[in-house]
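Sequence positions, counted from 1, serve as the residue numbers for this chain. All ligand and atom numbering here is 1-based and tracks the order in the structure.
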Amino acid sequence: MIDLAKLFASPKAVLAPIAGYSDVGFRQLCARSGAAVTYTEMISAKGLVYGSVKTEDLLHTTEYERVKAVQIFGREPEIMLAAARHRALAEFDVIDINMGCPVPKIVGNGEGSALLKEPQTAAKIVRTLTQCGRAVTVKFRIGFEKNSRTGVDFAKIMQDAGAAAITVHGRTREQYYAGEADREYIARVVEAVDIPVIANGDVDSAESYRDMLRVTGAAAVMIARGALGAPWLFSDICGSPRLWSTRREAAEEHISVMLKFHSPVYVAANMKKHLAYYVRGMRGGKQFKQDVFGSDGIDALLTAIAESEAMNAPL
Ligand SMILES: Cc1cc2nc3c(=O)[nH]c(=O)nc-3n(C[C@H](O)[C@H](O)[C@H](O)COP(=O)(O)O)c2cc1C
C-alpha cells in the first residue's frame, strides 16, 4: 500500500478531482508537469457496481501518472467497498471519498457534503473501505452551514476511522465557490490530526502555493481551477522548465492522449471546454472560442487550434 505520509514528507502539489475536466489527457499533462498525485473526477460507486459504461470511460490512466487516485461518491458502505474492489479500479493507488460536493442532486441523496452532517455514517464508510487494501482518503469542506465549522472534529473522526490522508477545501457547503478559502481554519485542522492534510482552495500560482503551505502547514496542496487550461502550473510550482512552448503544443498532446482512449467524436466534444480555459484572458481568445464552439469534428478543432493566434503565442 502506498505510504502517503512518506510521499508528502516534503510538500507537494496535486491535481484535484474536477468533474468534466480531470480526464486522462489532462491528468497526464499535469503529472508530466510535476503533479505528485492525480485524481479522477468523482465516480458514482453505484454507477460502477451496476455497470454503467460511461463511468468506466472516466477511469483510463497513463503510466505518466505518478500516484493514481480515484474519487468515488456514495453513501452505502458495502456498495462503496464493492466499487473499490471493481476491476476498473485495480490500478489506482488511492481511493478518495467525496464528502465535499455541494450540488443539490448529490446532497439530496445524502452523498458528497451531506456526509459532513452524518459523521458516523462517514466514519463507517471509511472503516469499511479500508478493507480494500488501498490507501483510503477523504476530501471534504470545512463545514456544511456557513456559520458552523465542523471540519476539525470531522477530520479527527476520519483519522480515527482509518483515513490515510484528508483533503480540506477551505469553504463550507453553503459557500459553494464564493468568498475566499479559509486558510486559517485549514491550519487548525492540520494542528488537530497526525495524518497528512492536503490544503485546497484558490491556489493558482507558485506564489499562492507557497503561501498556502506557509499559512496552513499542510503536507500538500490540491489545485483545481488554477490548473484548468494551465497544466504547466505544476512545473512553475516545482521550479522546472515548462514542457511546452505554446498552448497549442499542450493542447495537441492533450488531444493525442485522449484519442488513444476515446472516439474522435467524444474527444472533440470534451476538448471544447478545456480549450476555452486554455485561452482564458488571451488576446484573440474570444474569436478562438467562437471558432471552437462552432467547429464540427476533431479535424476542424485541430485546424482552429493551428490557426489561432492565442494558441500559438509563446507561453
Ligand atoms: C467544474 C468543477 C468540478 C469539480 N468537480 C469535483 C469533483 O468531481 N470532486 C471533488 O471532490 N471536487 C470537485 N470540485 C471541487 C475542486 O476539486 C476544488 O475542491 C475546488 O474547486 C476548490 O479548489 P480550487 O480553488 O483550486 O479550484 C470541482 C470544482 C469545479 C470548479
For ligand 1, what is the set of protein residues having any non-hydrogen atom at a distance below 4.0 Å? Ala16, Pro17, Ile18, Ala19, Met42, Gln71, Asn98, Lys139, His169, Tyr177, Asn200, Gly201, Asp202, Ile223, Ala224, Arg225
Applying salt bridge (Lys or Arg N to Asp or Glu O under 4.0 Å) as the test, list every pair that has at least one member in residues 271-299; sequence neighbours left out. Arg283-Glu309
With under 30° as parallel and over 60° as perpendicular, where do the rings of His274 and Phe26 fit, or are they tilted in between? tilted
Return all side-chain donor-acceptor pairs below 3.5 angstrom for residues 195-223, not counting sequence neighbours, or 'none' if the list is empty.
unit_1 : atom_1 : unit_2 : atom_2 : d
Asn200 : ND2    : Met222 : O      : 3.0
Asp202 : OD1    : Arg171 : NH1    : 3.4
Asp202 : OD1    : Arg171 : NH2    : 2.6
Asp202 : OD1    : Arg225 : NH2    : 3.3
Asp202 : OD2    : Arg171 : NH2    : 3.1
Asp202 : OD2    : Ala181 : N      : 2.9
Asp204 : OD1    : Ser208 : OG     : 3.3
Ser205 : OG     : Glu207 : N      : 3.4
Ser205 : OG     : Ser208 : N      : 3.0
Ser205 : OG     : Ser208 : OG     : 3.0
Ser208 : OG     : Asp204 : N      : 3.0
Ser208 : OG     : Ser205 : N      : 3.1
Ser208 : OG     : Ser205 : O      : 3.2
Asp211 : OD1    : Arg214 : NH2    : 3.0
Thr216 : OG1    : Met212 : O      : 2.6
Thr216 : OG1    : Ala218 : N      : 3.1

Salt-bridged, Arg188 to Glu184, with N to O below 4.0 Å? no
Are Phe288 and Tyr278 close enough that their ring centers fall under 6.0 Å? no
Enumerate, atom names and distances included, each donor-acceptor pair closer than 3.5 Å involving a side-chain atom of residues 108-116, sequence neighbours excluded.
unit_1 : atom_1 : unit_2 : atom_2 : d
Asn109 : ND2    : Lys105 : O      : 3.3
Ser113 : OG     : Cys101 : O      : 2.9

